[in-house]
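Everything below concerns the one structure shown next.
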Amino acid sequence: MTFNPAADEVPAWTADGQIIFVSARDGNAELYIMNADGSNLRRLTNNPALDYFPAPAPPGDKIAFISDRDGSFGIYTTTTNGGPVRRVTNSPVADVWPIWSPNGNAIAFTRWTGSNHVLYTVHIDGTQLTQITNSPGRDELAPAWSPDGTHLAFLGCLNGDCDLIVRNSDGTGAETTLVHGGAGAPDWQALPHSD
């Protein structure tokens, strides 16, 4: 579907069946979108900084992504039409791996503390920043929302060996380890309804 000599990577489906991806075809990493057959290719971002890791919102035309355009990696949003870019998080450390809540009102992400990664959630307007995990020495990565938005699955990694863990998406309650060691990034999907 793409034939550019530059790297085209990290593709993701939008709610209406388009593909958003990252390409350096114009000199640095930018977000692009195209139809599922490769037609109607458009660039969505245009900034000399690195724009990466696109995460389309489930219910609409918004996209979350990471960028270091303001000096450190933060979470930003734009639209599938290339609308205005808005900064969601503003931290002197790196915020990465954004993933939208099922209702499109919040984003879960991983924040680098200087010694390890921890999970946070934030409302899409940048308010209600909530730390979800706090296990010193453990890297908490790859958040995935439950279909009803009440839980987050994520990787809890020590020395490169990762457990698959679930906890409440508001950070309350105890966590449950589903897989001890050897886990990969989760993807939580709803089961189809039987008629």
Side-chain angles (χ1 to χ4, degrees), residues 1-70 72-89 94-110 119-126 141-149 151-155 169 184-195:
M1 292 189 299
T2 62
F3 301 95
N4 194 281
D8 295 333
E9 51 193 354
V10 289
W13 290 104
T14 63
D16 62 357
Q18 297 182 86
I19 300 170
I20 183 167
F21 63 99
V22 174
S23 180
R25 60 183 62 203
D26 292 317
N28 71 310
E30 301 286 1
L31 303 187
Y32 290 79
I33 193 166
M34 65 183 175
N35 293 340
D37 63 3
S39 64
N40 197 25
L41 176 70
R42 303 172 316 278
R43 185 169 68 183
L44 297 179
T45 60
N46 186 8
N47 192 283
L50 178 75
D51 294 339
Y52 206 77
F53 207 113
D61 69 345
K62 288 187 172 57
I63 299 160
F65 64 99
I66 66 170
S67 181
D68 61 350
R69 58 182 64 201
D70 291 325
S72 64
F73 278 104
I75 309 297
Y76 292 78
T77 60
T78 189
T79 70
T80 56
N81 295 321
V85 172
R86 302 187 194 290
R87 186 165 189 167
V88 178
T89 65
D95 293 337
V96 296
W97 213 313
I99 187 80
W100 291 85
S101 63
N103 64 12
N105 290 334
I107 297 170
F109 64 95
T110 295
L119 295 185
Y120 279 80
T121 60
V122 65
H123 192 270
I124 61 170
D125 65 3
L141 308 165
W145 294 85
S146 63
D148 65 2
H151 292 82
L152 284 166
F154 60 95
L155 298 179
S169 61
D187 183 14
W188 200 330
Q189 299 293 320
L191 290 173
H193 293 285
S194 58
D195 295 330

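Since the model is a prediction, treat every value here as computed from it, not as a measurement.
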Check: D68 side chain, L50 main-chain N or O, donor-acceptor pair, under 3.5 Å: yes

Exercise: identify the closest heavy-atom pair between E9 and F21: O-CB, 3.5 Å

Under 3.5 Å donor-acceptor, N4 side chain and A6 backbone: yes

Spacing of CG belonging to L41 relative to CD1 belonging to I19, to within rounding of 0.5 Å: 11.0 Å

R43, CZ atom: more than 12 neighbouring heavy atoms under 6.0 Å: yes

Nearest-0.5 Å distance that lies between atom CZ in F73 and atom OG1 in T110: 14.0 Å

Pair N81-T79, side-chain donor/acceptor within less than 3.5 Å: no

Nearest-0.5 Å distance, CD1 of residue I63 to OG1 of residue T14: 7.5 Å

Side chain W100, main chain A55, donor-acceptor under 3.5 Å: yes

Step-by-step side chain to side chain contact (heavy atoms under 4.5 Å, CB included) determination, R69 to V85: CA-CA 11 Å; R69 58 182 64 201; V85 172; 3.6 Å; yes

Flag, side chain of S169 to backbone of L152, donor-acceptor distance under 3.5 Å: no

Approximate separation, where rounding is to 0.5 Å, of L31 CG and R42 CZ: 12.5 Å

V22 vs P54 side-chain heavy atoms within contact, under 4.5 Å: yes

Atom pair OG1 (T80) and CG (L44), whose distance is rounded to the nearest 0.5 Å: 7.5 Å

Exercise: identify the closest heavy-atom pair between I99 and P143: CG2-O, 3.4 Å

For W188 against A153, the heavy-atom pair lying closest together: CE3-CB, 3.8 Å

V122 and T89: CA distance, side-chain angles, deciding distance, side chain to side chain contact (heavy atoms under 4.5 Å, CB included) verdict: CA-CA 8 Å; V122 65; T89 65; 4.2 Å; yes

No-hydrogen, no-angle side-chain donor-acceptor test under 3.5 Å, S101 and N105: no

Sidechain-backbone polar pair: T121 side chain, I107 backbone, donor-acceptor under 3.5 Å: no

Closest approach of L155 to A185 (non-hydrogen atoms, all atoms of both residues): CD1-N, 3.8 Å

Pair R86-D125, salt bridge (Lys or Arg N to Asp or Glu O under 4.0 Å): steps then yes or no: CA-CA 9 Å; R86 302 187 194 290; D125 65 3; over 6 Å; no

Where S146 and P102 come nearest, the two heavy atoms and their spacing: O-CG, 3.2 Å

Reference residue Y32; test side-chain hydrogen bond (donor to acceptor under 3.5 Å, both in side chains); the match among T2, T45, D26, D51: D26

F65 ring center within less than 6.0 Å of F53 ring center: no

Main-chain N/O of A94 paired to S72 side chain as donor or acceptor, under 3.5 Å: no

Polar side-chain atom of W145 near backbone of H151 as donor-acceptor pair, under 3.5 Å: no

Y76 and D70: side chain donor to acceptor below 3.5 Å: yes

Check: T78 side chain, G82 main-chain N or O, donor-acceptor pair, under 3.5 Å: no

Rounded distance [0.5 Å steps], CG in D95 versus CZ in F109: 4.5 Å

N28 (side chain) donor-acceptor with N47 (main chain) under 3.5 angstrom: yes

